[in-house]
Novice: 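One structure coming up, written as structure tokens, with questions to follow.
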There are 2 protein chains.
Amino acid sequence: MTEAASRPTLEAVAARAGVSRATVSRVVNGGEGVREPLVERVRQAVEELGYVPNQAARSLVTKRHDAVAVVIAEPEDRVFADPFFARQLRGISKELTAHDNQLVLLLTEGRDDHARVARYLAGGHVDGALVFSLHLDDPLPGLIQRAGVPTVFGGRPGWSDETLRAPYVDSDNRGGAREAVRHLAGLGRTRIAHITGPLDQTSAADRLDGYRDVVGDADPRLVVESDFTPVGGERAMRALLDRVPGLDAVFAANDLTAAGALRVLRERGRRVPDDVAVIGFDDMLPLAEQTDPPLTTVRQDIEEMGRLMARLLLHRLDPDTPATPDGDGAETNASTGVVLPTTLVRRASA
Amino acid sequence: MTEAASRPTLEAVAARAGVSRATVSRVVNGGEGVREPLVERVRQAVEELGYVPNQAARSLVTKRHDAVAVVIAEPEDRVFADPFFARQLRGISKELTAHDNQLVLLLTEGRDDHARVARYLAGGHVDGALVFSLHLDDPLPGLIQRAGVPTVFGGRPGWSDETLRAPYVDSDNRGGAREAVRHLAGLGRTRIAHITGPLDQTSAADRLDGYRDVVGDADPRLVVESDFTPVGGERAMRALLDRVPGLDAVFAANDLTAAGALRVLRERGRRVPDDVAVIGFDDMLPLAEQTDPPLTTVRQDIEEMGRLMARLLLHRLDPDTPATPDGDGAETNASTGVVLPTTLVRRASA
DNA sequence: TTGAAAGCGCTAACAA
DNA sequence: TTGTTAGCGCTTTCAA
């Protein structure tokens with residue numbers, strides 16, 4: 001129904017080359033310990049027959065799949081409004097491809113899918129998993145750990161449970177936030193507000209911590225919790241302006257939020273950056289370049305995060321694979337987490 | 001190295017339930033023709049042992065993988081600047097999941113990867129493929145067809161070669177463009193310009209055709225080829241304004257381009273929509289809502305496209321699966337193409 | 001260095 | 001309705 005003419009087997013290649021199946025197998029898998037003339041003959045036969053190994057048969061005996069699952073939990077609209085995952089996927093894909101691994105994508109829509117994913121992973125279909133989970137209370141990571149599949153997480157996991165210590169890759173959310181707020185302070189701003197993301201996400205919580213690292217225990221009215229959306233940003237900005245009319249800077253937890261804030265500031269007649277300086281986070285393009293004025297923001301190297309996650313996982317699966325690239329500035333501790341540096345991108349808003 | 005304690009096999013379950021492997025197999029695969037008490041006993045054993053079938057062993061004999069490859073050719077930055085693929089993937093994933101199929105993601109970076117993808121598909125690792133290819137001259141689709149894997153394309157394939165007739169899913173680019181331009185004409189605009197996309201992509205070519213369907217052979221200076229980017233849109237808009245200062249409407253081939261055009265219009269002191277009405281294509285959010293003024297545009301149901309692609313493919317793989325949903329307005333001809341309707345979303349720019 | 005042979009865990013005739 | 005058995009295509013001891 002699905003496969004037309006059956007493909008040639010090892011047997012066929014062996015017959016054609018006049019050798020045993022074992023010899024063909026050796027050649028196909030690297031040719032160690034086979035004399036040159038034979039290698040050549042086998043290669044030729046493989047070529048002529050267009051032989052491609054049957055992965056199922058191979059997996060059956062090796063118990064290896066050369067496949068890795070990428071689990072993206074709850075891809076709400078918010079998630080897809082931003083090319084974040086696409087970029088990570090690209091990084092992951094590049095690294096996996098370079099090491100001949102396949103990428104099995106598992107998207108979950110709410111809790112119903114969790115059992116399905118857990119079962120799949122427990123089923124030993126893949127050698128490992130790369131997991132993105134956004135919320136603190138997400139049960140999926142726990143399920144996955146229990147499934148016993150080697151896993152690397154994307155983003156610092158939020159659980160407090162020490163037994164669930166797991167390797168992860170994240171950007172330096174706290175450091176990036178710190179740099180942004182310091183920049184604002186360096187501009188002479190003294191009443192710096194912060195619009196947070198949903199604080200049940202570690203990225204949002206870490207950015208808030210970075211903000212606090214710099215401003216200390218500033219006026220609590222300068223911090224408003226929001227939700228990473230433009231509309232949320234507008235609402236938060238209005239609240240801030242009502243509470244602290246004299247504020248002179250805003251650090252928004254992401255660019256979408258910053259865009260909303262910018263609109264409200266314009267609507268209220270504040271000039272940016274003259275009256276109020278604004279900094280976002282993500283360097284989400286094209287948005288960040290196209291706000292009015294163009295947004296100063298904290299850039300994270302999303303693709304590299306993906307690449308690194310894959311690299312870490314492959315290293316766990318096969319220690320011959322190098323765990324990290326040669327000195328790219330990442331703070332590395334492969335058994336727990338790897339934190340990638342961020343950079344402040346200066347445009348016109350601050 | 002990757003799997004710790006070996007998982008229970010059919011054999012083990014059979015022993016525990018006191019039946020033969022065949023019986024367990026039957027129960028696991030639906031339980032047809034097995035008497036109730038036995039079914040129950042087997043279920044129990046499966047439960048107690050935590051048995052999960054070994055997919056490799058199963059594939060080896062069934063020649064089925066219950067897996068579908070999704071091939072995304074050349075994901076340039078442009079592609080990831082927009083949540084298009086993420087949305088399609090979600091639609092595909094939902095449909096595949098509903099039919100217990102896995103999604104193997106194959107991203108290609110340039111030509112080097114084509115051979116790799118072709119080999120993978122030819123290798124019979126998956127039952128079918130869903131392929132996105134953007135450019136007319138892309139050799140990948142040809143390679144894939146030759147690999148003999150059942151395939152459904154995303155977007156109307158651009159090749160003229162009739163032998164490569166293949167099923168595809170696309171939005172009604174031409175019809176959507178027609179509706180947009182008609183809307184502009186209905187507003188009383190008489191000098192309607194069009195900023196095209198890269199014309200080696202069928203979506204761009206089709207939108208241009210739709211424009212021509214309405215304006216006929218209007219002043220050729222009103223059409224400028226661009227590249228789907230904001231910067232390209234700016235450049236195109238400047239050229240248009242220089243050539244035809246009196247134009248009173250612009251239909252941009254996508255929202256990114258429209259955003260660029262909007263900026264140039266503002267910079268040149270034209271009021272939108274009073275002096276010049278502008279319509280985009282895609283309804284890319286949040287961009288389309290956040291331009292100034294918010295963009296009137298043509299929306300396509302991206303997620304549904306993905307879902308439909310998967311449905312079509314699954315139907316080819318197993319005719320029991322319904323090919324199309326019950327009357328959702330799609331123009332259906334499953335052996336060639338399915339074209340999904342678009343809708344005009346009115347905001348403030350036209 | 002090469003080959004023979006024993007499975008990997010499962011499904012699908014076929015027989016009982 | 002249930003069990004027996006013969007492979008699916010490959011890797012991997014073990015002997016030669």
Side-chain angles (χ1 to χ4, degrees), chain A residues 1-43 45-46 49-67 100 122-125 127, chain B residues 1-43 45-46 49-67 100 122-125 127:
Chain A
M1 179 167 300
T2 170
E3 209 73 339
S6 56
R7 303 185 292 111
T9 69
L10 251 203
E11 185 79 56
V13 177
R16 177 147 199 137
V19 298
S20 72
R21 270 151 50 200
T23 298
V24 177
S25 176
R26 288 181 190 116
V27 172
V28 168
N29 294 294
E32 292 298 285
V34 180
R35 241 188 281 272
E36 189 48 46
L38 271 202
V39 172
E40 205 35 62
R41 239 163 61 210
V42 171
R43 288 248 164 81
V46 165
L49 265 36
Y51 170 76
V52 185
N54 178 317
Q55 188 61 43
R58 177 180 277 175
S59 291
L60 188 53
V61 24
T62 61
K63 270 122 178 54
R64 255 283 200 167
H65 299 84
D66 294 319
D100 277 313
H125 300 280
D127 301 325
Chain B
M1 179 167 300
T2 172
E3 209 73 340
S6 56
R7 302 188 290 112
T9 69
L10 251 202
E11 184 79 57
V13 178
R16 175 148 201 137
V19 298
S20 73
R21 269 151 52 202
T23 297
V24 178
S25 176
R26 289 183 189 113
V27 172
V28 168
N29 293 293
E32 292 297 284
V34 180
R35 242 188 279 273
E36 189 47 46
L38 272 201
V39 172
E40 205 37 61
R41 237 162 64 208
V42 171
R43 288 247 164 82
V46 165
L49 264 37
Y51 170 76
V52 185
N54 179 319
Q55 187 61 43
R58 177 181 277 172
S59 291
L60 188 54
V61 23
T62 60
K63 270 120 177 55
R64 257 283 201 165
H65 298 84
D66 296 318
D100 276 312
H125 300 280
D127 301 325

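Numbers restart at 1 for each chain; the letters A, B, ... are given by sequence-line order, proteins then strands.
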Novice: In residues 28-35 of chain A, which residues come under 4.0 Å of DNA chain C by heavy atom?
Specialist: A/Gly33, A/Val34, A/Arg35
Novice: Are side-chain heavy atoms of A/Thr23 and A/Arg41 found at a separation under 4.5 Å?
Specialist: no
Novice: With the threshold set at under 4.0 Å for non-hydrogen atoms, list the residues of residues 20-27 of chain A touching DNA chain D in residue-number order.
Specialist: A/Arg21, A/Ala22, A/Ser25, A/Arg26
Novice: What residue pairs, at least two apart or across chains, pass side chain to side chain donor-acceptor pair (under 3.5 Å) with a residue in residues 8-19 of chain B?
Specialist: B/Arg16-B/Glu48
Novice: Are B/Arg26 and B/Val19 close enough that some pair of their side-chain heavy atoms sits under 4.5 Å apart?
Specialist: no
Novice: If we ignore hydrogens and angles and just use 3.5 Å, is the side chain of A/Arg7 paired with the main-chain N or O of B/Gly123 as donor and acceptor?
Specialist: yes
Novice: Does anyone know the first and last nucleotide of DNA chain D in reach of chain A, 5' to 3', at under 4.0 angstrom to a heavy atom?
Specialist: D/dG9 to D/dT13
Novice: Under a criterion of less than 4.0 angstrom to any heavy atom of chain B, what are the 5'-terminal and 3'-terminal contacting nucleotides of DNA chain C?
Specialist: C/dG9 to C/dA13
Novice: Please examine the side chains of A/Val27 and A/Leu38, heavy atoms only from C-beta on, and report whether any two atoms are closer than 4.5 Å.
Specialist: no
Novice: By a strict heavy-atom criterion of less than 4.0 Å, which residues belonging to residues 53-61 of chain A are in contact with DNA chain D?
Specialist: A/Pro53, A/Asn54, A/Ala57, A/Arg58, A/Leu60, A/Val61
Novice: Grab the two heavy atoms, one from B/Ala57 and one from A/Leu60, that are nearest each other, plus how far apart they are.
Specialist: CB-CD1, 3.5 Å
Novice: Could you check whether any side-chain heavy atom of B/Asp66 comes within less than 4.5 Å of a side-chain heavy atom of B/Asp100, counting everything from C-beta outward?
Specialist: no
Novice: For the backbone of A/Ser59 and the side chain of A/His65, can you confirm whether one donor and one acceptor N or O come within less than 3.5 Å of each other?
Specialist: no
Novice: Give the minimum heavy-atom separation between B/Ala14 and B/Val24, together with the two atoms involved.
Specialist: CA-CG2, 3.6 Å
Novice: Is there a donor-acceptor contact under 3.5 Å from the side chain of B/Asp127 to the main chain of B/Arg64?
Specialist: no
Novice: Is a side-chain N or O of B/Thr62 found less than 3.5 angstrom from the main chain of B/Arg58, in a donor-acceptor match?
Specialist: yes
Novice: Between B/Tyr51 and B/Val28, which heavy-atom pair has the shortest distance, and what is it?
Specialist: CE2-CG2, 4.0 Å
Novice: Look at the side chain of A/His125 and the backbone N and O of A/Ala67, then say whether any donor-acceptor pair between them is shorter than 3.5 Å.
Specialist: no
Novice: Is it true that, when you exclude B/Glu36 itself, more than 12 heavy atoms of the residues, nucleotides or ligands shown sit nearer than 6.0 Å to its CD?
Specialist: yes
